[in-house]
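Taking it in order: structure first as structure tokens, then the write-up.
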Amino acid sequence: MKRSQIAIWGLWLLLYIGVTAFLYLVSDLPDIRVSHAVLAYLVLIILASRHGGRPLAMAMVTLGYLAVDWFYVPPRFSFGNASQLDWIVLIGFALAGWLVSELFAKQREATRIAEERTREVERLSLERLQLEREVSTARVITEADRLKNALLNSLAHDLRSPIATLS
């Protein structure tokens, strides 16, 4: 793993810890529901997939599901009592992470292709300018050659008939 990838993963792990700590602090409030935590972790999954791709998104899916199960699914602060609705949360997280990471991957590929095409257009534009300069130079040389030939023909004509020139 490259240093930049390690840094990205570290940043997202810190964000996950921060969100989890915040949700833990507010988890006893009467207005806080499972849906609030699910939404918070879903946002983390989406943003992580933008920066770290599918592996980071799937890591956030796993961590988010575990946090929701630990903090919000009764009995709280334990794992393993998953009901059918809990599996829907896991499937929703996984589906969102996979789809969004796929969309971002396609967007990155489209951006890469667009940048390649931009470079190719710039290269072709430079070649076109060079060819236009060469055509212009060739026209100047052709015109100069035509004038030189006209001058030489005129001089040759004048040298062949000096008397006609004097009279």
Side-chain angles (χ1 to χ4, degrees), residues 1-140:
M1 201 182 259
K2 297 178 190 174
R3 283 184 191 257
S4 62
Q5 289 175 325
I6 293 171
I8 289 171
W9 278 68
L11 172 70
W12 283 101
L13 185 57
L14 287 174
L15 285 170
Y16 168 80
I17 290 169
V19 166
T20 302
F22 174 75
L23 289 173
Y24 174 74
L25 291 174
V26 298
S27 66
D28 288 330
L29 295 175
D31 292 338
I32 298 298
R33 294 182 188 83
V34 175
S35 60
H36 295 107
V38 168
L39 183 60
Y41 288 115
L42 191 57
V43 169
L44 271 180
I45 291 166
I46 291 169
L47 295 174
S49 68
R50 167 67 176 98
H51 289 102
R54 188 168 294 129
L56 182 58
M58 291 302 118
M60 286 293 149
V61 163
T62 304
L63 292 172
Y65 176 75
L66 291 174
V68 168
D69 189 25
W70 182 261
F71 290 112
Y72 289 97
V73 175
R76 291 179 63 192
F77 307 113
S78 66
F79 293 117
N81 297 322
S83 69
Q84 289 178 345
L85 293 178
D86 299 335
W87 287 108
I88 290 173
V89 171
L90 177 60
I91 291 168
F93 276 178
L95 189 60
W98 183 79
L99 286 174
V100 170
S101 63
E102 185 69 23
L103 289 173
F104 283 129
K106 286 182 179 183
Q107 181 260 337
R108 279 191 291 274
E109 180 64 17
T111 300
R112 185 191 62 76
I113 290 170
E115 288 171 351
E116 285 178 3
R117 288 181 179 166
T118 299
R119 285 190 294 275
E120 181 68 14
V121 166
E122 289 171 351
R123 185 187 64 77
L124 291 172
S125 294
L126 290 173
E127 284 181 15
R128 180 176 174 256
L129 287 173
Q130 180 63 28
L131 289 173
E132 285 177 354
R133 282 189 217 115
E134 289 174 8
V135 166
S136 177
T137 302
R139 284 184 184 145
V140 168

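We count residues from 1, following the sequence as given.
Remark: Ile6 CD1 to Leu11 CG distance equals 13.5 Å, nearest 0.5 Å. How far CD1 of Ile113 is from OG1 of Thr118: 11.5 Å, rounded to the nearest 0.5 Å. Between the CE atom in Met60 and the CG atom in Leu13 there is a gap of 6.0 Å [rounded to 0.5 Å]. Taking CD1 from Ile8 and NZ from Lys2, the interatomic distance works out to 10.0 Å, rounded to the nearest 0.5 Å. With rounding to the nearest 0.5 angstrom, the CD1 atom of Ile91 is 14.5 Å from the CH2 atom of Trp98. Rounding to the nearest 0.5 Å places CG of Leu66 at 10.5 Å from CZ of Phe71.
Nearest heavy atoms, Ala67 versus Tyr16: CB-OH, 3.4 Å. Of all the heavy atoms in Leu56 and Ala48, the pair that sits closest is CD2-O, 3.6 Å. Taking every heavy atom of both residues into account, Trp9 and Ala59 meet most closely at CZ3-CB, 3.7 Å. Taking both residues in full, the closest heavy atoms of Val68 and Ala37 are given as CG2-CB, 4.2 Å, listed atom of the first, atom of the second, then distance. Taking each heavy atom of Trp12 and Leu47 in turn, the nearest pair found is CH2-CB, 3.2 Å.
Checking side-chain atoms of Ser136 against main-chain N and O of Glu132 turns up no donor-acceptor pair under 3.5 Å.
Within the 4.5 Å cutoff, side-chain heavy atoms of Val135 are placed close to those of Arg139. Here the side chains of Gln130 and Glu127 are not in contact, with every heavy-atom distance at 4.5 Å or above. Residues Val100 and Ile45 fail the side-chain proximity criterion, which asks for heavy atoms closer than 4.5 Å.
Within a 6.0 Å radius of CZ in Arg117, other residues, nucleotides and ligands contribute 12 heavy atoms or fewer. In the displayed structure, Arg128 atom CZ is contacted under 6.0 Å by at most 12 heavy atoms of other residues, nucleotides or ligands.
Applying the side chain to side chain donor-acceptor pair (under 3.5 Å) test to residues at least two apart or on different chains, the pairs with a partner in residues 37-52 are Thr20-Tyr41.
Arg54 meets the side-chain hydrogen bond (donor to acceptor under 3.5 Å, both in side chains) test with Ser101, Glu102; sequence neighbours excluded. Residues that satisfy the side chain to side chain contact (heavy atoms under 4.5 Å, CB included) test with Leu126, not counting sequence neighbours, are absent from this structure.
The pair Arg112-Glu109 counts as a salt bridge, with a side-chain nitrogen and a carboxylate oxygen less than 4.0 angstrom apart.
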